[in-house]
Amino acid sequence: MNKVRMIIDILMTMLLPVLMAYSLVGEQAHEILGVLMFGLFVVHHVINRKWWTGLFRGKYNAVRILSTAVNIFLAVFMIMQPVSGILMSKYILKNVTLGGTASVMRTIHMTLAYWGFIMMSFHIGLHARMMVGKVVPKMKTAVRKGVTFLFIIGAVYGVYAFVHRGIGNYLLMKTAFAFFDMNEPRIWFFLDYMAVMILFATLGYLIQKGLLHVGTKGKRGA
């Protein structure tokens with residue numbers, strides 16, 4: 001089951017920047033991949049259903065509050081996004097429409113897509129501690145330093161990519177349409193969005209690490 005969980009998580013992570021490409025991959029491909037992403041999302045939550053059943057059990061510290069809030073918001077985004085997508089589908093569910101709402105649904109769908117992109121990246125960072133704890137100790141010092149350097153470079157470049165791609169405007173609904181440079185090599189688009197993913201995953205990891213440090217320090221002081 002752990003292997004299945006890992007495969008699903010990897011597939012979802014790989015699909016995320018591809019789904020953000022939209023016009024670059026084609027509308028029909030976007031709809032198909034969107035359905036696939038939602039299916040993986042459902043399976044992911046079925047496998048991790050114990051997290052939902054244990055939601056009201058145990059104590060909540062700062063880390064658990066943050067993780068729970070992110071997970072719930074992300075689940076809401078991931079449910080609302082396909083609903084808005086269905087209502088403006090041109091291929092898979094083209095007969096399911098709601099007259100006069102295409103423009104509104106497009107704005108809602110795009111905004112949810114960008115917030116979901118950021119939240120999922122942050123979510124990955126919150127869960128990276130377990131992977132880091134398993135993988136990093138097995139690395140040689142030089143390899144570990146090299147990987148850390150690459151992530152730092154990726155996160156720093158992610159700040160530039162975030163601004164350059166105007167992602168903040170999409171999050172705040174300041175931009176009504178997604179703009180793509182069709183003459184730009186697609187690799188640059190994907191590299192930029194992967195860098196933004198690294199940026200927010202790193203933020204999630206560092207914030208969680210900081211909260212854990214503060215909590216441990218508080219217990220020692222007590």
In this structure, are over 12 heavy atoms from other groups packed under 6.0 Å from F189 atom CZ?
yes
Got R64 and N61 here, is their nearest side-chain heavy-atom distance under 4.5 Å?
yes
What's in the same ILVMFWY side-chain cluster as M6, cut-off under 4.5 Å, chained through other members?
I10, M14
How long is the gap from CZ on F77 to OG1 on T111, to the nearest 0.5 Å?
10.0 Å
Residues two or more places apart in sequence or in another chain: which of them pass side-chain contact (heavy atoms from CB on, under 4.5 Å) with I153?
F149
Contact list for residues 47-71, test ring pair (Phe, Tyr, Trp, His ring centres under 6.0 Å), sequence neighbours left out:
H45-W52
Side chain to side chain contact (heavy atoms under 4.5 Å, CB included) with L112: which of M119, M78, M80?
M80
Validation row: L191, P17 side chains within 4.5 angstrom (heavy atoms)
no
Look at atom CZ of F151 and say whether more than 12 heavy atoms of other residues, nucleotides or ligands are closer to it than 6.0 Å.
no
Taking only residues at least two apart or on different chains, which pairs with a member in residues 69-83 satisfy salt bridge (charged side-chain N to carboxylate O under 4.0 Å, His left out)?
none
Would you confirm whether R57, through its side chain, and G54, through its main-chain N or O, come within 3.5 Å as a donor-acceptor pair?
no
With the side chain counted from C-beta on, respond yes when F38 and I86 share a heavy-atom pair under 4.5 Å apart, and no when they do not.
no
Contact list for residues 184-196, test side-chain hydrogen bond (donor to acceptor under 3.5 Å, both in side chains), sequence neighbours left out
Y114-Y193, Y157-D192, R165-E184, R165-D192
Looking only at heavy atoms, what is the nearest atom pair of I198 and G154, with distance?
CG2-C, 4.0 Å
For Y205, ring pair (Phe, Tyr, Trp, His ring centres under 6.0 Å) partners two or more places apart
none
Residues two or more places apart in sequence or in another chain: which of them pass side-chain contact (heavy atoms from CB on, under 4.5 Å) with K59?
none
Quick one: which residue pairs count as a salt bridge (charged side-chain N to carboxylate O under 4.0 Å, His left out) with a foot in residues 67-80, not counting sequence neighbours?
none
Give me the atom names and distance for the closest heavy-atom approach of I118 to F200.
CD1-CE1, 3.4 Å
If you look only at pairs with a residue in residues 9-30, which of them pass as a salt bridge (charged side-chain N to carboxylate O under 4.0 Å, His left out), with sequence neighbours excluded?
E27-K90
Heavy-atom donor-acceptor pair, W115 side chain to L171 backbone, under 3.5 Å:
yes
Taking side-chain contact (heavy atoms from CB on, under 4.5 Å) as the test, write out the residues that go with L15, two or more places apart.
L33, L36, M37, L40
Is there side-chain contact between V70 and F122, with at least one heavy-atom pair below 4.5 Å?
yes
Check whether any side-chain heavy atom of M110 sits under 4.5 Å from a side-chain heavy atom of M173, and report yes or no.
no
Taking distance alone, no hydrogens or angles, what donor-acceptor pairs closer than 3.5 Å link side-chain atoms of residues 18-26 to residues at least two apart or in another chain?
none

Is it true that V147 and I152 fall in one hydrophobic cluster, defined by side-chain heavy atoms closer than 4.5 Å?
no
Selection residues 65-85 - residue pairs positive for side-chain hydrogen bond (donor to acceptor under 3.5 Å, both in side chains), sequence neighbours left out:
N71-H123, S84-H109
